[in-house]
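The structure appears right after this line, and notes come after that.
Chain naming here is simple, since letters A, B, ... match the order of the sequence lines and numbering starts at 1 in each.
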2 protein chains.
Amino acid sequence: MSTVNLKQLAKELNLSVSTVSKAFKNSYDISEATRERILTRAKQLNYQPNPYAAGLRTQRSQTIAVVIPEIANNFFVQAINGIETVAQGMGYHVMIYLTHEDQSKEQAFLQHLQNGRVDAILLSLSSGKDHAQQLKELQKRDIPIVLFDRIDTQVDAIKIQTDNIESSYKATTHLIEAGCKKIAHLTLSEKLAISNDRLEGYKRALKDAGLKFKKELVVDCSLTKNNEDQIVQLLQKLRPDGLFSGFEKLALQTYQVCEKLNVNIPNDLKLISFSNLPIAELLNPGLSVVVQPAFEIGKVAAEMIFELLKIKGSNRIKTITIPSHLIKRKSTGN
Amino acid sequence: MSTVNLKQLAKELNLSVSTVSKAFKNSYDISEATRERILTRAKQLNYQPNPYAAGLRTQRSQTIAVVIPEIANNFFVQAINGIETVAQGMGYHVMIYLTHEDQSKEQAFLQHLQNGRVDAILLSLSSGKDHAQQLKELQKRDIPIVLFDRIDTQVDAIKIQTDNIESSYKATTHLIEAGCKKIAHLTLSEKLAISNDRLEGYKRALKDAGLKFKKELVVDCSLTKNNEDQIVQLLQKLRPDGLFSGFEKLALQTYQVCEKLNVNIPNDLKLISFSNLPIAELLNPGLSVVVQPAFEIGKVAAEMIFELLKIKGSNRIKTITIPSHLIKRKSTGN
DNA sequence: CTGTTAGCGCGTTCAG
DNA sequence: CTGAACGCGCTAACAG
């Protein structure tokens, strides 16, 4: 705790608290001379106004919360980067809450954060069941929420996402063009819009290419914790020649499985995945990737938050979509 | 802001504020009956005590700050994970501040954070010049600081790090055992203890193996932003057969350069690096890695913070070292 | 231009 | 067992 406070500083200067206080805010209303004097002494004593006391008065914490499923995920890392950049520019502070894909924890956070600790919440949903109900509760309060990436279509809130359907369509088409006839798809929870959209893009691409959609080629990896087994099953029993993973983590697990099973990438299996691994296109031989504009999404989401904080109330619902980037890898392509 | 406050809740119940307040803290001193009544009604109205008002009274924010150079770095991500885990368990909140390797920004944060916004600071230094002076200033205040990973030997504070010298020794020795005769080393700022230690381990390994240390084989990548050029120079002019990178980012850049220059890893160049990339040993063919116990370091650092917060004042300086893990890659090894 | 006063929402003596 | 009253550090009328 800052040891010197407003009262002490005022006494030092033989001024009243309000005068000193105003010297920091209203540049007018205070003579330049005394203002100078106050600021100098304040610097000397290293006076730091207590933000919470100020916030108590102004009803603002200058803080936003970022609630995300996990942080060991390059998408979220880059998103945080974007968020933090914007927040820093606005003089705001960023709190991080990790739900670890635990929906009850997510709910607890959101509930708790209604207490005024933060002015707004940036939320990316955990892969649990429908969040609509719980989010509607929060909509009633006046604390703004912006959903990003892992959104829920049912909820009326601002949403920032990427073009999941289109990107998935392109990714799947990429595999088809590379000669794949039997393309598997790895996905997370069916309850997430993001999963459904990616599945949808995959389906459409198959359809447009005249390939049949087979349900058994789609593996939902959210239910069990042991996704590896599911992937092993998929590869061994169905022997797909292409695989489109909707999520980086699942692609990485696929790599591991392939190594174990002696499945050669890209000869035996061509792989493409959503991923924000640093220079993924370099490190992953044979892996084409769909790179989400994570930093941008974070940035835009944060900007929306600050817009909302200014125009409190004008909560026109809108969804912003920022396209992803498909990076093709030669070795997959032939 | 939580719409219902203590006063309103008290009025609802025909009780005084203090009674209600005590119902939440002192389980004694309040009859079980009224306590029950209060808690139920509180839940109904979704009463959330304002943490800042409470903190104003108790002089605690229940918040810790994590000040780090960057977040697009797997070490820091995992460290945050560890920190957040511990903090969450303690009911604490975590604020993130990214200095982007900008020392003036770092200083500004540390300065600013003296205002009571956080109870303690977890700090990993940016790669600037000596931090000793600036940190000593902060030592005078009563806000605890724990340094982790990127520490400064000059400062009297608790420090959590890994066994940089030993790990680097092992890593370099690994290259030597793989037959390398001319081993380069990539490092960051000389001002960071971590860089020096890693360099030191490298030197010792060379010495013990009877290899001469050559200054030109060591590239300090902190000064210029275009590290790639430096690496290109190194590889083209000196043609090392082994390379030990002290930092993940530099190893990744080396990969890129090698691809451009058509240098084959591991045939032409054997590579080993500190890295916390997810399953780095899988994704990076030919790359042996030194994996830092990032999560553990974060956890221990956070635990130290909470110990400090309890035993305020007893700031016995100590350094905790947690060993890294060397993962050898067959392809490097022969 | 400066000072007085009254809260922001909560915790905490101290009476009763 | 309960309530009245004060103060945490600061802002914002309102006076002067």
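Just one of A/K191, A/E106, A/Q103, A/R150 meets the side-chain hydrogen bond (donor to acceptor under 3.5 Å, both in side chains) condition when paired with A/S126; it is A/E106.
Using bins of under 30°, 30° to 60° and over 60° for the plane-to-plane angle, the ring pair A/Y92/A/F306 lands in the perpendicular bin. Aromatic ring pairs are classed by plane angle as parallel below 30°, tilted from 30° to 60° and perpendicular above 60°; the pair A/H93 and B/Y97 is perpendicular.
Rounded to a whole Å, the CG atom of B/L56 is 10 Å from the C1' atom of C/dG11. As rounded to whole Å, 12 Å separates atom P of D/dT2 from atom CZ of B/R35. D/dG9 atom C1' lies 13 Å from atom CZ of A/F24, rounded to whole Å. Atoms CD (A/Q59) and P (C/dC10) sit 10 Å apart, rounded to a whole Å. One can place CD of B/E36 at 13 Å from P of D/dT2, the figure rounded to the nearest angstrom. When rounded to the nearest whole Å, the span between CZ of B/R60 and P of C/dG11 equals 11 Å. Following rounding to the nearest Å, A/K11 (NZ) and C/dT2 (P) show an atom-to-atom distance of 20 Å.
Here CZ of A/F76 is found 11.0 Å from CD1 of A/I96. Values are rounded to the nearest 0.5 Å. Taken to the nearest 0.5 Å, the OG atom of A/S127 stands 11.0 Å off from the CD1 atom of A/I194.
One finds no side-chain N or O of A/Q8 lying less than 4.0 angstrom from the OP1 or OP2 phosphate oxygen of D/dG9.
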Please write out each protein N/O paired with an N/O of nucleotides 10-12 of chain D under 3.5 Å, distance rounded to 0.1 Å.
unit_1: D/dC10; atom_1: OP1; unit_2: A/Y47; atom_2: OH; d: 2.8
unit_1: D/dC10; atom_1: OP1; unit_2: A/N50; atom_2: N; d: 3.1
unit_1: D/dC10; atom_1: OP2; unit_2: A/L6; atom_2: N; d: 2.4
unit_1: D/dT11; atom_1: OP1; unit_2: A/K25; atom_2: NZ; d: 3.2
unit_1: D/dT11; atom_1: OP2; unit_2: A/S21; atom_2: OG; d: 2.8
unit_1: D/dT11; atom_1: O2; unit_2: A/R57; atom_2: NH1; d: 2.1

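Salt-bridge check for B/K310 with B/E307: failed, with every basic side-chain N at 4.0 Å or more from each acidic carboxylate O.
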